[in-house]
Amino acid sequence: MADSSSSTNSSTVTQRWGDVEDDPQEVEVEESTSSSTPENNNSSSTSAVELPNLDSLAIDDENTKKNDFLDEPEDTQISAVTSGDTLYSTATKFEDLNLSPELLKGLYIEMKFTRPSKIQSISLPMILTPPYKDLVAQAHNGSGKTTCFVLGMLSRVDPNLKEVQALCICPTRELAIQNMDVLKKMGKYTGITSFPAIPSGSARIPIPRMAEIKDQVVIGTPGRIRDLMSSKKLNTSHLKVLVFDEADHMLDDDGFKDDSLKIRKLMEKDKARYQVLLFSATFSDTVRNFVSRVVKDGNQMFVKKEELTLDVVKQYKVNCPNEQAKIDVIRDRIFELGEKLGQTIIFVKTRESANELHKKLGDYGYGCTTIHGAIEKDFRDKIVKEFRDGLTKVLISTDLLARGFDQSQINLVINYNLPSKRDYPSDPDCEVYLHRCGRAGRFGRKGAVFNLLSTDREHMLLGKIEKHFGTHIVEVPDWKSNEDFEQALKAAGLL
DNA sequence: AGTACGT
C-alpha cells in the first residue's frame, strides 16, 4: 500500500458511481461539509456553498523538458480539477510516489522509464493519495494512459492479501491482452499475480469447473467478467480499484454501458468500497454528462480538444471516383510506397467489407492480414502477434482495433470507410475517428491518415469531421498520381 | 454496424 503522508482528513466518503436511476436503494452519502482545511479555517465559513474546492493544478513545465520514453508535445494543456480538500502535488520523480522498491525496479528496468510523463505526474498523485478519490482522466492517444492505471493498480494492491484487489474492464479482448502484458512487465518484481478475464480460444475450461480467482489483479472484457462474477468465481469484496479503460466507450449507450452497469450492480452485493478510475482519450458530451452525474466527488483531468492527437498525425483526403479506385489506391500507391514505411492499418466499417477488401487485395506479395470479431479467437491472437512481430505490414480491421491498440510501428492509417453514428448515419462518429487516427503516430512519432472518399455522403461526413475538430484536411490532388502520394507522405515526415 | 459470451 502506498500512502503518501499528505494532509488528508479521514472523512470517509463512500464513493460509489453508477448510482443511477435504477438502483434507488443506494443512499448518497453526503460529503462531510465540515471540510476545514488548515488554510481556510480562519474564515468562519460564511458560505457553506456547494462550491467544491477547485484547485487547478498548473503544470510546471520545467520538470517535463526531457523524457526518454515519451516524446510528448511540450505545450500540452492539461487541466486538473480536484474535488474536496485533499491537496495533490505533481510527481516529478517516481520516488515521490511512495512506490515499493520492487515496483520502482520494474519501472526503471523493465519499462525503461526515467521519470513520470506529464499525465502521470498529475494523475498518479490523485490516484495514490488517500482518501483515494475517483478519477476521470482524459489523455492523448499514445501518451501513456495505460501505464498510469497499471501503475495505479499495482501500487494500490496489498501484495500480502491474496484476493482480487484491482479490476480493469476493457472493450476488446485485444486491449485486455495488451494491458495484461504491460501489467506483467511493470509488475515483474512485485510478485503480484494477475488473471485475464477474457473469452478463451480453443483451450477453454468451463467456468463452473474453474477455481475461484485469487489473483490480485484481473483484467478483462465485460461479458467474461460478468459471467465470472455471477458464477462466484470473481469475488470483489476486497476490491480497491476499478478501472475502465476506454471509459467513454464503456459507458456509452452505444457501447458497453449496460454491461458496465450490470457489473457494478453485481459488485454491490460484495459491499466493497473501491476507487473508480475512468481513462479515455475522448469523452463525448453525453458520456461526460453521465459521468458527472455518477462520479460526483471525483477528481478530473482533461486535455483540450484541439490538443488531442490530431496535430501529430497529418490527415489527407483522397477523392476516389468509385469503390474500385479505393482499392487501386491501396494496391498501387499505399502498398508501393508503404514498403518504405512502417506498418499500416486499414479501417473498414463491417466484417464483410473487411473480408471483401482482403479478397480483392489478394496476394499482391504483401503481408496483409485481416482481423474482426467474427474471426476465431485463436486466429485473432495469431494475427495480432504476427503484426506485432512485424511479419505483416498491413492489417485490415473493423473498429475492433480502433481504440487503444498500441503498436509503435504503425505510422499510416487508412480510412477505407469513415466512421458514422449508428442512429444518425449522416453524422460522423468523431470520437471513433480520433481513436482511429490515434493508432498512428504513437508517442509523438510521425504519422499520416488517408481518408478514401468516393461518395457524396463520405465527402459530407469528412466535411463534418473537419468542422468538428476545426482542422483543414488536405486533399491529395490526384488519386492516380504516385508523386502526389509521395509528396503527402513526405509532408507528413514519413519519407 | 461494431465491440462482447455462451449456448
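Naming: A, B, ... by sequence-line order, numbering from 1 per chain. Just so you know, these numbers come straight off a predicted model, no measurement behind them.
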Colleague: Taking only residues two or more places apart in sequence or in another chain, which ones pass side-chain contact (heavy atoms from CB on, under 4.5 Å) with A:D484?
Modeller: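 With sequence neighbours excluded, A:D484 shows a side-chain contact (heavy atoms from CB on, under 4.5 Å) to A:V476, A:P477, A:D478, A:S481, given in chain and number order.
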Colleague: Residues two or more places apart in sequence or in another chain: which of them pass salt bridge (Lys or Arg N to Asp or Glu O under 4.0 Å) with A:E466?
Modeller: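 A:K317.
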Colleague: Please work out if A:R173 contacts a base, only the sugar-phosphate, or nothing of the nucleic acid, heavy-atom cut-off 4.0 Å.
Modeller: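 It contacts sugar-phosphate atoms only.
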Colleague: Have a look at A:R436 and say if it touches a base, only the backbone sugar-phosphate, or nothing, with a 4.0 Å heavy-atom cut-off.
Modeller: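 Result for A:R436 = nothing.
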Colleague: For DNA chain B, note the earliest and the latest nucleotide, 5' to 3', having some atom under 4.0 Å of a heavy atom belonging to chain A.
Modeller: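 Range of nucleotides touched by chain A: B:dA1 to B:dG6.
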Colleague: May I ask you to say what A:H372 touches in the nucleic acid, namely base, sugar-phosphate or nothing, with a heavy-atom cut-off under 4.0 Å?
Modeller: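 Contact class for A:H372: sugar-phosphate only.
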Colleague: Side chains of residues 206-217 of chain A: which donor-acceptor pairs under 3.5 Å do they make with residues two or more places apart or in other chains?
Modeller:
from	atom 1	to	atom 2	distance (Å)
A:K214	NZ	A:E163	OE1	3.2
A:K214	NZ	A:E163	OE2	3.3
A:D215	OD1	A:T193	OG1	3.0
A:Q216	OE1	A:T193	N	3.0
A:Q216	NE2	A:P159	O	2.9
A:Q216	NE2	A:L161	O	3.1

Colleague: Checking A:T286 now: which residues fulfil side-chain contact (heavy atoms from CB on, under 4.5 Å) with it, not counting sequence neighbours?
Modeller: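 For A:T286, the residues satisfying side-chain contact (heavy atoms from CB on, under 4.5 Å) (neighbours in sequence not counted) are A:S284.
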Colleague: Of all residues at least two apart in sequence or in a different chain, which pass the side-chain contact (heavy atoms from CB on, under 4.5 Å) check with A:T370?
Modeller: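 Here the qualifying residues are A:A354, A:N355, A:H358, A:H372, A:I396.
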Colleague: Do any of residues 412-426 of chain A sit with a heavy atom less than 4.0 Å from DNA chain B, and if so which?
Modeller: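 Going residue by residue through residues 412-426 of chain A, the ones with a heavy atom under 4.0 Å of DNA chain B turn out to be A:R422.
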Colleague: With A:D389, which residues qualify under side-chain contact (heavy atoms from CB on, under 4.5 Å), at least two apart?
Modeller: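 For A:D389 the side-chain contact (heavy atoms from CB on, under 4.5 Å) partners, ignoring immediate neighbours, are A:K385, A:L391.
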Colleague: The criterion is salt bridge (Lys or Arg N to Asp or Glu O under 4.0 Å); which residues satisfy it with A:E352, sequence neighbours excluded?
Modeller: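 Applying salt bridge (Lys or Arg N to Asp or Glu O under 4.0 Å) to A:E352 gives none.
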Colleague: Among residues 219-230 of chain A, which residues get a heavy atom nearer than 4.0 Å to DNA chain B?
Modeller: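 The answer is A:T221, A:G223, A:R224, A:D227.
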Colleague: Which residues satisfy the salt bridge (Lys or Arg N to Asp or Glu O under 4.0 Å) test with A:R173, sequence neighbours excluded?
Modeller: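 A:R173: salt bridge (Lys or Arg N to Asp or Glu O under 4.0 Å) contacts with A:D381.
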Colleague: With sequence neighbours excluded, tell me which residues meet salt bridge (Lys or Arg N to Asp or Glu O under 4.0 Å) with A:K326.
Modeller: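 So A:K326 forms a salt bridge (Lys or Arg N to Asp or Glu O under 4.0 Å) with A:E458.
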Colleague: Hey, what do you get for CD1 (A:I169) to CG (A:D259), rounding to the nearest 0.5 Å?
Modeller: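 One finds 9.0 Å between CD1 of A:I169 and CG of A:D259.
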